[in-house]
Amino acid sequence: MTSLRISQLAAQTGVPATTLRYYETAGLLPADRTATGYRVYGPDAVERLAFISSAKTLGLPLEEIRDLLGVWEQGVCAAVRERMVPLVAERIADADRRQAELAGFSARLVGVHEQLSTPAPAGGCGPDCGCMATVPGAVPPTRPEETAGEPWRDVPVACTLDGPDLGERTAQWQRLTARATDRRAVPDGMVLVFPATPELAAEVAALAVAEQDCCAFFDFTLHLTPAALELTVRAPDTAAELLADLFGADA
């Protein structure tokens, strides 16, 4: 088989079709169109997706993966290795630094736990009771210069919803995004364009607030003009598939 439809590629690789569309928008996975407008992928798509998935497991951001693909396409493994060595070394340094930060944070928590386990003072809480101990609430970001003012980048990619609640929330987003008149990729996310009506603006805002309450790694921005309502959704690279599943472009 020399080409694959999007459903065939998704079935063969296990990568959701929404993620495949997102990868195309992000410039990672090119696709041609049939005369009827369906996406078709070349014979290297499966191997290309394997390379993308492998790079993601190393913690490489999509921008670096896109650059790596330009080297990978040349078919010279030595060149790919040469480009990857400093990138992986940087991830090792990031992981070591993060590990040290987590170890220090854990040690401080142990101290607070020990203090809280002692007999409580009479009356209400005070500065020496342990309940108001000064302990950092989060580990410092790995790259402060890139994440300043953007705390969502350092939130764990995890959702507090599960089972039926998660399915219902996904269905809510699918129903809402189906009403978008346009969408486009932006760095770290997507912009969805809706008709500019007060009712729809309230619905989008309410759903965005509910989503961030359970998935704090999403960043939402609403921009309402007389002509359109724009919802910008961003997320860390490690949440790219979740972003695509909820907000990815339609076929």
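Not measured: the values here are computed from a predicted model.
The existence of a salt bridge linking Glu199 and Arg179 is excluded, since no basic side-chain nitrogen approaches an acidic carboxylate oxygen closer than 4.0 Å. Electrostatic pairing of Glu203 and Arg175 does not count as a salt bridge here, judged by no charged N lying under 4.0 Å from a carboxylate O. One finds a salt bridge joining Glu230 and Arg184 here, because a Lys/Arg side-chain nitrogen approaches an Asp/Glu carboxylate oxygen to under 4.0 Å.
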Go through the steps to decide whether Thr181 and Phe194 satisfy the test side-chain contact (heavy atoms from CB on, under 4.5 Å), and finish with yes or no. CA-CA 6 Å; Thr181 58; Phe194 298 91; 5.9 Å; no
Going through the checks in order, is the side-chain contact (heavy atoms from CB on, under 4.5 Å) test met by Val204 and Leu222? CA-CA 9 Å; Val204 172; Leu222 282 174; 3.5 Å; yes
task: Given side-chain contact (heavy atoms from CB on, under 4.5 Å), test Leu49 with Leu20 step by step and report yes or no.
output: CA-CA 9 Å; Leu49 279 172; Leu20 297 178; 3.5 Å; yes
| query | Given the rule in the side-chain contact (heavy atoms from CB on, under 4.5 Å) test, do Arg234 and Leu243 qualify, once you have shown the distances and angles that lead to the verdict? | reply | CA-CA 8 Å; Arg234 299 188 297 165; Leu243 185 78; over 6 Å; no
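To the nearest 0.5 Å, atoms CG (Leu29) and CG (Leu9) are separated by 6.5 Å. We find the OG1-CE distance between Thr177 and Met190 to be 10.0 Å, quoted to the nearest 0.5 Å. One finds the CZ atom of Arg33 at 12.0 Å from the OH atom of Tyr38 (value rounded to the nearest 0.5 Å).
Considering every non-hydrogen atom in both Val191 and Thr232, the closest pair reads CG2-OG1, 3.5 Å. Contact record, Arg97 with Asp94: NH2-OD1, 2.6 Å, taken as the closest heavy-atom pair. Residues Pro236 and Phe217 approach most closely at CD-O, 3.3 Å, considering heavy atoms. Closest non-hydrogen pair, Ile65 versus Ala55, comes out as CG1-CB, 3.7 Å. Taking all atoms of both residues into account, the shortest heavy-atom contact from Pro16 to Ala10 is C-CB, 4.4 Å. The nearest pair of heavy atoms linking Ala228 to Ala196 is N-CB, 3.5 Å.
The side-chain heavy atoms of Arg91 and Leu60, taken from C-beta on, include a pair separated by under 4.5 Å. Side-chain contact between Ile6 and Tyr41 is present, with heavy atoms from C-beta onward closer than 4.5 Å. Under the 4.5 Å side-chain criterion, counting only non-hydrogen atoms from C-beta, Val71 is not in contact with Asp67. Ile52 is not listed as a side-chain neighbour of Leu62, based on a closest heavy-atom distance of 4.5 Å or more. You'll find the side chain of Glu64 stays beyond 4.5 Å of the side chain of Met84, heavy atoms only. Proximity of Leu246 to Val233: side-chain heavy atoms (C-beta onward) are nowhere separated by under 4.5 Å. Considering only heavy atoms from C-beta on, Leu4 stays 4.5 Å or farther from Val40 through its side chain. By the 4.5 Å heavy-atom criterion applied to side chains, Leu231 and Thr221 are not counted as neighbours.
Formation of a donor-acceptor pair under 3.5 Å by the Glu90 side chain with backbone atoms of Leu87 is not found in this model. The backbone N or O of Ser7 lies less than 3.5 Å from no partner atom in the side chain of Arg39, so there is not a single donor-acceptor pair. With Ser54 contributing its side chain and Ala50 its backbone, the two residues share no donor-acceptor pair below 3.5 Å. When atom types are taken as modelled, the side chain of Arg83 and the backbone of Leu68 share no donor-acceptor pair closer than 3.5 angstrom.
A cation-pi arrangement is not found for Arg183 relative to Phe247, the charged atom failing to lie both closer than 6.0 Å to the ring centre and inside a 45° cone about the ring normal.
Sequence neighbours left out, the pairs with a member in residues 43-60 that pass salt bridge (charged side-chain N to carboxylate O under 4.0 Å, His left out) are Arg48-Glu73, Lys56-Glu241.
For the residue pair Arg169 / Gln172, a side-chain donor-acceptor distance below 3.5 Å is found, with atom types taken as modelled.
Val193 and Leu176 are assigned to two separate hydrophobic clusters, defined by single-linkage of ILVMFWY side chains at heavy-atom distances under 4.5 Å. Residues Val186 and Leu28 are members of separate hydrophobic clusters, defined by side-chain heavy-atom contacts under 4.5 angstrom among Ile, Leu, Val, Met, Phe, Trp and Tyr.
The number of heavy atoms from other shown groups lying within 6.0 Å of CZ (Arg66) is above 12.
Applying the ring-ring contact (aromatic ring centres under 6.0 Å, His included) rule to Phe51 yields the partners Trp72; only residues at least two apart in sequence or on another chain are considered.
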